[in-house]
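Report on the structure given below.
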Amino acid sequence: MINTDFLVVGSGIAGLSLALRASEKGSVAVVTKRSLEESSTKYAQGGIASVLSEEDSFDLHIQDTLEAGAGLCHEDAVRVLVENGPQRIKELMEWGAKFTFRENEGEMSTLDLGREGGHSRRRIVHAADLTGLEVERALIKEVASRHNVHIFEYHMAIDFITRGKLEEDVPLGSPEDTCFGIYALNTEEGTIETFLSPATMLATGGAGKVYLYTSNPDVATGDGVAMAYRAGARIADMEFIQFHPTCLFHPEAKSFLVSEAVRGEGGILKLKDGSTFMENYHHLASLAPRDIVARAIDNEMKKGGDDYVLLDITHLPGYQIRERFPNIYKECLSFGYDMTDEPIPVVPAAHYTCGGVLTDLWGRTNIKGLFACGEAACTGVHGANRLASNSLLEALVYSERAFRAACEERVERSPEILDVPKWDTGKAVNSDELVVVSHNW
């Protein structure tokens with residue numbers, strides 16, 4: 001049995017940034033079902049959206065987010081996201097993240113801000129086209145320097161330990177319900193371990209792997225949201241699954257993502273005959289929000305009977321493409337496509353879970369002691385469709401707020417931990433066992 005001041009489930013940008021903050025207040029256990037670096041964050045290419053230019057404003061970023069979310073975003077949540085963005089970017093850089101800078105003649109270098117679909121201004125902070133990998137690297141290095149952060153790799157969370165599950169007279173998800181921690185399967189040893197904490201932070205990511213064609217890694221199986229649902233936590237907006245419009249079309253590419261930034265830098269969507277079509281669907285044409293672009297591509301493919309459409313950025317100089325998109329260029333070349341010389345074939349694929357465990361503006365769920373952040377949470381920021389590069393920003397902003405709320409609640413109430421029994425396999429229900437069996441790829 002492992003007791004800790006803060007329990008973090010998940011090791012992406014939300015979980016690791018939260019663990020770093022929590023380490024300043026007490027002991028932290030980070031539970032992750034694969035290796036520490038394996039998360040959706042690692043594969044994020046584009047960047048992090050934030051207002052960092054004099055030509056930009058909070059109001060413009062808010063408006064772009066609301067428009068992309070089809071009117072279903074919670075404006076108060078969006079405002080919290082946008083107004084806290086610059087400080088979170090600064091903090092990430094203090095933790096060691098190295099972003100791409102632009103050299104200005106006779107002036108100091110400044111962050112190279114990119115533009116992506118749905119954005120009215122350049123506001124995307126990036127590390128070339130491997131932003132997520134750089135962020136994950138920096139966070140892992142910083143976490144390793146904190147002696148009171150304990151990492152438990154290859155531990156798959158199975159179930160929350162709550163008062164509602166332990167006491168018959170406490171309904172699941174009721175105001176009296178409280179989370180005390182989790183049971184987790186040590187997949188290397190085949191044992192069930194108990195983690196107890198007065199503050200449990202769910203940061204397990206989305207559910208993209210329920211789809212056959214997805215840009216998500218194998219760990220994105222939605223089991224954290226399923227656990228929360230079984231415990232009585234409120235879930236919202238799970239019908240809003242965002243499809244990224246441009247994944248590389250190749251039988252061996254495994255839905256390799258071609259970043260939104262390619263269109264942000266001038267990439268144009270075309271049909272096989274070379275004609276353009278996005279102007280028929282949105283005034284921003286190829287820079288329209290993701291849901292509109294994905295539906296447009298799907299519609300054109302069905303109309304023409306084609307397997308894919310083309311993304312053409314050959315009008316840019318080759319050196320510029322290789323410099324801005326080194327990883328995408330290299331990957332496309334490995335599959336026989338030279339994006340500096342020819343359009344590349346792309347199709348939509350499942351990308352992001354806009355819904356999740358319902359939280360307030362401080363990451364609190366309806367179960368005391370249980371907080372959620374990142375893609376596993378539904379903060380109200382995204383509505384029906386997430387604006388490009390708002391995901392990493394949301395993870396940073398709302399994990400910081402969840403940490404602050406957890407600190408306040410830990411002060412208000414003692415870290416009450418019941419005499420929790422060990423995991424009883426005989427009481428497992430089908431849904432519990434399916435999480436363990438079907439998600440152990």
Side-chain angles (χ1 to χ4, degrees), residues 2 4 6-12 14-15 18 29-34 39-40 152 154-166 170-174 177-187 191-210 216 218-238 353 355-359 363-379 399 402 406 418 420-425 427-441:
I2 295 138
T4 185
F6 297 90
L7 173 60
V8 179
V9 189
S11 61
L18 202 157
V30 177
V31 175
T32 183
K33 66 181 176 183
R34 290 284 181 89
S39 69
S40 291
F152 296 86
Y154 300 99
H155 280 67
M156 180 182 290
I158 298 174
D159 231 356
F160 287 113
I161 302 166
T162 65
R163 188 183 297 279
K165 286 178 173 284
L166 298 175
V170 177
L172 293 176
S174 66
D177 205 356
T178 305
C179 181
F180 301 114
I182 64 167
Y183 292 113
L185 170 67
N186 182 330
T187 57
T191 57
I192 304 293
E193 297 178 11
T194 304
F195 292 81
L196 301 179
S197 176
T200 300
M201 314 294 192
L202 182 67
T204 50
K209 267 294 176 177
V210 302
N216 288 193
D218 285 349
V219 293
T221 52
D223 32 322
V225 178
M227 279 173 53
Y229 175 77
R230 294 197 303 273
R234 296 178 64 192
I235 312 295
D237 290 356
M238 289 300 289
T353 307
V357 182
L358 190 63
T359 72
R364 300 185 188 96
T365 71
N366 58 299
I367 299 175
K368 286 184 291 186
L370 177 60
F371 302 81
C373 51
E375 195 175 351
C378 179
T379 62
S399 63
L418 300 182
V420 176
K422 291 184 177 181
W423 172 263
D424 183 356
T425 305
K427 292 182 179 179
V429 296
N430 286 340
S431 56
D432 294 319
E433 302 208 356
L434 283 173
V435 166
V436 177
V437 176
S438 67
H439 293 165
N440 188 10
W441 300 95

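Residue numbers count from 1 along this sequence. When reading the values below, keep in mind they use all heavy atoms of this one structure, side chains included, and skip hydrogens, waters and symmetry mates.
For the residue pair Arg163 and Asp177, the shortest heavy atom distance occurs at N-OD1, 3.3 Å. Residues Ala377 and Thr359 share a closest heavy-atom pair of CB-CG2, 4.1 Å. Taking every heavy atom of both residues into account, Ser40 and Ala220 meet most closely at OG-CB, 4.2 Å. Here the closest heavy-atom approach between residue Met227 and residue Ile158 is recorded as CG-O, 3.2 Å. What you find for Lys33 and Asp223 is that their closest heavy atoms are NZ-OD1, 3.0 Å. Closest approach of Thr200 to Ser197, counting heavy atoms only: OG1-O, 4.1 Å.
In terms of the side chain to side chain contact (heavy atoms under 4.5 Å, CB included) criterion, residue partners of Ala203 (sequence neighbours excluded) are, by chain and number, Ala14, Cys373. With sequence neighbours excluded, the residues forming a ring-ring contact (aromatic ring centres under 6.0 Å, His included) with Phe152 are His155, Phe195, listed by chain and number.
How far CG of Leu185 is from OG1 of Thr191: 7.0 Å, rounded to the nearest 0.5 Å. Between atom OH of residue Tyr229 and atom CG of residue Leu172 there is a gap of 11.0 Å, rounded to the nearest 0.5 Å. Of the inter-residue distances, the one linking Asp237 atom CG with Leu358 atom CG reads 8.0 Å to the nearest 0.5 angstrom. To the nearest 0.5 angstrom, Arg230 atom CZ is 10.5 Å from Ile235 atom CD1. Going from atom CZ of Arg364 over to atom CG of Leu370 covers 12.5 Å, rounded to the nearest 0.5 Å. Phe160 CZ to Leu202 CG: the interatomic distance, rounded to the nearest 0.5 Å, is 4.5 Å.
Of the possible donor and acceptor atoms, one in the side chain of Thr162 sits under 3.5 Å from a partner among the backbone N and O of Lys165.
Two residues are said to be in side-chain contact when any heavy atoms from C-beta on lie closer than 4.5 Å; Met238 and Thr353 meet this criterion. Counting heavy atoms from C-beta outward, Tyr183 and Ile161 have side chains that approach closer than 4.5 Å. No side-chain heavy atom of Ile192 sits less than 4.5 Å from a side-chain heavy atom of Lys422.
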